[in-house]
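Below: one structure, written as structure tokens.
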Protein chains: 2
Amino acid sequence: MRKEKAKRLENKGWKIGSAEDFLGLSPEESAYIDLKLNLSAKLRKLRAEQNLTQTELAKLIHSSQSRVAKIETGDPTVSIDLIIKSLLALGASKKQLARAISS
Amino acid sequence: MRKEKAKRLENKGWKIGSAEDFLGLSPEESAYIDLKLNLSAKLRKLRAEQNLTQTELAKLIHSSQSRVAKIETGDPTVSIDLIIKSLLALGASKKQLARAISS
DNA sequence: TTGCCATATGTCATATCTGACATATCTTAG
DNA sequence: CTAAGATATGTCAGATATGACATATGGCAA
């Protein structure tokens with residue numbers, strides 16, 4: 001599967017610039033993944049700033065630690081919807097979201 | 001259900017300012033809906049600019065006319081993921097997405 | 001009016017995402 | 001080292017989103 005690949009690469013520290021379009025990903029696909037990773041990164045940052053553990057954030061969004069971990073590691077089974085809902089739960093503003101996206 | 005309500009209101013032209021937080025919606029919920037509606041609106045705009053019908057856009061994103069309609073009318077069963085994928089398929093840039101979000 | 005094309009709405013089987021759980025792998029303090 | 005807290009990974013049943021189809025409504029030209 002496509003997104004699996006992208007995720008594995010991310011985890012191994014491949015991070016080439018910002019998008020991994022070097023293997024079979026269409027521009028839209030890599031833009032989409034890029035977006036997701038940017039939002040994930042922002043979430044981790046926000047959570048850290050607020051000194052919350054994944055477990056605490058999980059409670060806040062009525063989810064589980066493992067799902068929060070998946071959000072933050074860019075797991076392909078995580079939707080942008082969930083990431084955005086989590087960001088909003090941490091009090092992120094529209095402006096912050098916008099910044100995260102175009103980063 | 002919650003989001004049903006928000007959608008109905010939208011359709012009836014209720015658009016009070018920008019968020020319908022006046023009936024039982026938490027700040028995060030209305031922020032989320034707001035976001036979705038902004039992105040939907042942007043999609044419709046982009047599609048119009050490119051003189052595409054819903055059916056044509058549907059083919060472009062491997063979906064159906066009815067789902068495109070649902071996207072554009074803010075149907076609660078539509079995910080932000082799908083809206084964003086559609087926007088990307090229309091060639092929207094990160095900057096455009098960011099603008100749409102913080103509008 | 002009629003016909004045609006675009007858009008909207010309702011429904012449904014299937015695909016995808018979700019929370020939860022178990023368990024593994026860090027990290028750091030003692 | 002070992003223990004404890006935090007984070008990561010794998011799995012799965014149930015929840016939600018999806019494309020597809022039928023059908024309705026809207027707009028507009030003949």
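Each chain gets a letter, A, B and so on, in the order the sequences are listed, and its residues count up from 1.
Applying the side-chain contact (heavy atoms from CB on, under 4.5 Å) rule to Ser40(A) yields the partners Ile83(A); only residues at least two apart in sequence or on another chain are considered. Residues meeting the salt bridge (Lys or Arg N to Asp or Glu O under 4.0 Å) test with Arg67(B), sequence neighbours left out: none. Here Arg99(A) pairs with nothing under the salt bridge (Lys or Arg N to Asp or Glu O under 4.0 Å) rule; sequence neighbours left out. Remark: Ser66(B) engages Ser64(B) in a side chain to side chain donor-acceptor pair (under 3.5 Å) (not counting sequence neighbours). With sequence neighbours left out, Glu28(B) forms a side-chain contact (heavy atoms from CB on, under 4.5 Å) with Leu88(A), Ser26(B). With sequence neighbours excluded, no residue forms a side chain to side chain donor-acceptor pair (under 3.5 Å) with Ser79(B). Checked against side-chain contact (heavy atoms from CB on, under 4.5 Å), Ala89(A) has the following partners two or more places apart in sequence or in another chain: Ile61(A). By the side chain to side chain donor-acceptor pair (under 3.5 Å) test, Ser102(A) pairs with no residue at all, sequence neighbours left out. Considering only residues two or more places apart in sequence or on other chains, Gln96(A) meets the side-chain contact (heavy atoms from CB on, under 4.5 Å) condition with Lys42(A), Leu46(A), Ala92(A), Ser93(A).
Looking only at distances, no side-chain donor or acceptor of Lys36(A) sits under 3.5 Å from a matching main-chain atom of Gly74(A).
Within 4.0 Å of Val68(B), counting heavy atoms only, lies no atom of the nucleic acid at all.
In this structure, Thr55(B) and Val78(A) both approach DNA chain C, and ranking their closest nucleotides by distance from the 5' end singles out Thr55(B).
If you measure from atom NZ of Lys59(A) to atom P of dT7(D), you get 13 Å, rounded to the nearest angstrom. Rounded to an integer number of Å, the gap from Ile71(B) CD1 to dA17(D) P is 13 Å. Between the P atom of dT18(C) and the CG atom of Leu57(A) lies a distance of 14 Å, rounded to the nearest Å. The interatomic distance linking Asp75(B) (CG) with dC12(C) (C1') rounds to 14 Å, in whole Å.
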Contact letters for nucleotides 19-30 of chain C, in which S counts primed atoms plus P, OP1 and OP2 and B counts the base, heavy atoms under 4.0 Å: BBB---------

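Side-chain contact of Thr77(B) with Asp75(B): a donor-acceptor pair under 3.5 Å is present, judged by distance alone.
From one end of the helix from dT1(C)-dA30(D) to dG30(C)-dC1(D) to the other, with five pairs defining each end axis, the axis direction shifts by 40° (rounded to 10°).
Using a 4.0 Å cut-off on heavy atoms, the residues of residues 43-54 of chain B that approach DNA chain C are Arg44(B), Arg47(B), Thr53(B), Gln54(B), listed by number.
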